Amino acid sequence: METSSILSRLRKVRKSGQGWTACCPVPGHEDKNASLSVKVTETGRLLAYCHAGCSFEAILESLELGRERFTPSPRPIETGPSKEQLEAQRKAMRLWTGAKPADPAHPYLVKKQIKPHHLRQFKEILLVPMQNESGDLWNCQLIYWDGSKIFLRGGRTKGLFTTLGEIPESGGRIFVAEGFATAATIHELTGSPVVVAFSAHNLPPVSMIIRRAFPQAEIVLAADDDPAGVQFSEQAARAVHGLVAYSGRRA
């Protein structure tokens, strides 16, 4: 089957490096963030990977394709960053290096009753670093005094995170939370390391990164008790054999 025929069955297909991104076609995965990466290898085999955790078999079934010419990808497909993502990364680095340590008296921190930890502040805006598994800064979450939040336009968000506390080599218990405020509260109350995923739909890819890095860890998804939080935390828990703990919205 021609690659063009396969891509025609997907939504929001966009060229990215040597492959494409698109919305995952698996029923029940209401993908609004183009979570699927696809790529054709040098031998003509098609690789497919859903960053939200949908199985390769489910993807093929949804596209009504057989397995004979298709191969599951064991890890995210490297399709390369887009021009917009690279520009957002440069802006994130400029903001981060030019910012100062966050003021503990910032209205958002006071309202949430949390410490600033490693956040920085640019004028009245809190900056939360968004890094990949290698520690590279790719984006920042901007938190304003009234609690409104945005990411840098065009920047990467999928699979990016920041961590509160040191994760031991053995892993131990690691929490993965949707937002910074929830993560800070958990870390301050328990002393456990907490990974900030920044959104519900980012819980599965971030959890899988943590699982690969710490195979023996107990991973606990600290999700908001809302439809998106329930859906993606349970999806992440299944993918990494973790636990789920719901909380009120503090992110």
Side-chain angles (χ1 to χ4, degrees), residues 33 88-132 135-168 172-203 206-207 209-210 219-230 232-233 236 243-251:
N33 301 285
Q89 183 188 37
R90 288 190 286 268
K91 184 174 182 179
M93 294 178 70
R94 289 196 301 268
L95 282 172
W96 187 255
T97 56
K100 60 184 179 181
D103 183 357
H106 188 281
Y108 179 78
L109 301 175
V110 172
K111 178 181 178 181
K112 298 295 183 179
Q113 300 179 16
I114 54 176
K115 299 175 183 178
H117 297 281
H118 60 293
L119 299 195
R120 293 188 183 181
Q121 186 171 333
F122 178 75
K123 297 182 179 179
E124 299 304 317
I125 305 170
L126 294 176
L127 303 177
V128 190
M130 302 176 66
Q131 299 161 292
N132 64 9
D136 301 318
L137 181 70
W138 276 94
N139 203 339
C140 285
Q141 184 181 55
L142 281 59
I143 304 179
Y144 294 84
W145 65 271
D146 61 354
S148 58
K149 308 177 189 70
I150 63 169
F151 302 121
L152 295 180
R153 185 175 181 179
R156 282 184 57 187
T157 57
K158 192 180 304 178
L160 300 184
F161 57 92
T162 193
T163 305
L164 302 181
E166 293 292 330
I167 302 178
R173 175 178 291 173
I174 305 171
F175 288 87
V176 180
E178 284 190 42
F180 177 79
T182 299
T185 300
I186 294 171
H187 178 62
E188 291 169 17
L189 290 175
T190 68
S192 297
V194 188
V195 176
V196 185
F198 295 101
S199 66
H201 71 263
N202 207 30
L203 289 171
V206 167
S207 296
I209 290 171
I210 300 304
I219 298 179
V220 181
L221 284 300
D224 292 336
D225 190 10
D226 58 27
V230 171
F232 289 104
S233 63
L243 304 173
V244 181
Y246 294 113
S247 65
R249 180 174 289 276
R250 285 182 59 85

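Here the structure is a predicted model, which is why all the values come from computation and not from measurement.
- Taking both residues in full, the closest heavy atoms of R156 and N139 are given as O-ND2, 2.8 Å, listed atom of the first, atom of the second, then distance.
- For the pair L160/N132, a side-chain contact is recorded, criterion being any heavy-atom separation below 4.5 Å from C-beta on.
- Other residues, nucleotides and ligands contribute more than 12 heavy atoms inside 6.0 Å of the CH2 atom of W96.
- Judged as a side chain to side chain contact (heavy atoms under 4.5 Å, CB included), and not counting sequence neighbours, V110 has no contacts.
- Going from atom CD of Q89 over to atom CZ of R94 covers 11.0 Å, rounded to the nearest 0.5 Å.
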Before you tell me yes or no, could you show the steps for L109 and L126 under side-chain contact (heavy atoms from CB on, under 4.5 Å), namely the whole-Å CA-CA distance, both residues' side-chain angles and the distance that decides it to 0.1 Å? CA-CA 9 Å; L109 301 175; L126 294 176; 4.0 Å; yes
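- Atoms CD and CG, from E178 and D224 in turn, are 4.0 Å apart once rounded to the nearest 0.5 Å.
- Rounding to the nearest 0.5 angstrom, the gap separating the CG atom in D136 from the CE atom in M93 is 8.5 Å.
- Summarising the geometry of G159 relative to I209, their closest heavy-atom pair is O-CD1, 3.4 Å, with the distance given to 0.1 Å.
- Tested against I125 for a side-chain contact (heavy atoms from CB on, under 4.5 Å), the candidates L142, L95, I150, I143 yield a single pass: L142.
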For T157 and N202, run side-chain contact (heavy atoms from CB on, under 4.5 Å): C-alpha distance rounded to whole Å, both residues' side-chain angles, the deciding distance at 0.1 Å, then the answer. CA-CA 8 Å; T157 57; N202 207 30; 5.7 Å; no
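- At a threshold of 4.5 Å between non-hydrogen side-chain atoms, the residues K112 and T185 do not count as touching.
- The backbone N or O of V128 sits nowhere less than 3.5 Å from a side-chain atom of Q141 that would complete a donor-acceptor pair.
- Of all heavy-atom pairs between V220 and A245, the closest is CG1-CB, 4.2 Å.
- Heavy atoms only, all atoms of each residue included: F161 and F198 are closest at CA-CE1, 3.7 Å.
- For the residue pair T182 and A177, the shortest heavy atom distance occurs at CG2-CB, 4.1 Å.
- To the nearest 0.5 angstrom, L221 atom CG is 12.5 Å from F232 atom CZ.
- Side-chain atoms of H106 and P116, non-hydrogen and from C-beta on, never get closer than 4.5 Å to each other.
- Atoms NE2 and OG1, on H118 and T163 in that order, are 7.5 Å from each other to the nearest 0.5 Å.
- Shown here for E188 and H117, the closest heavy-atom pair between the two residues is OE2-NE2, 2.7 Å.
- For the atom pair CZ (F151) and OG (S199), the distance works out to 6.0 Å, reported to the nearest 0.5 Å.
- Counting heavy atoms from C-beta outward, M130 and T162 have side chains that stay 4.5 Å or more apart.
- Between D225 and V230 the shortest side-chain heavy-atom distance falls below 4.5 Å.
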Going through the distances and angles, do I114 and F180 end up as a side-chain contact (heavy atoms from CB on, under 4.5 Å)? CA-CA 10 Å; I114 54 176; F180 177 79; 3.8 Å; yes
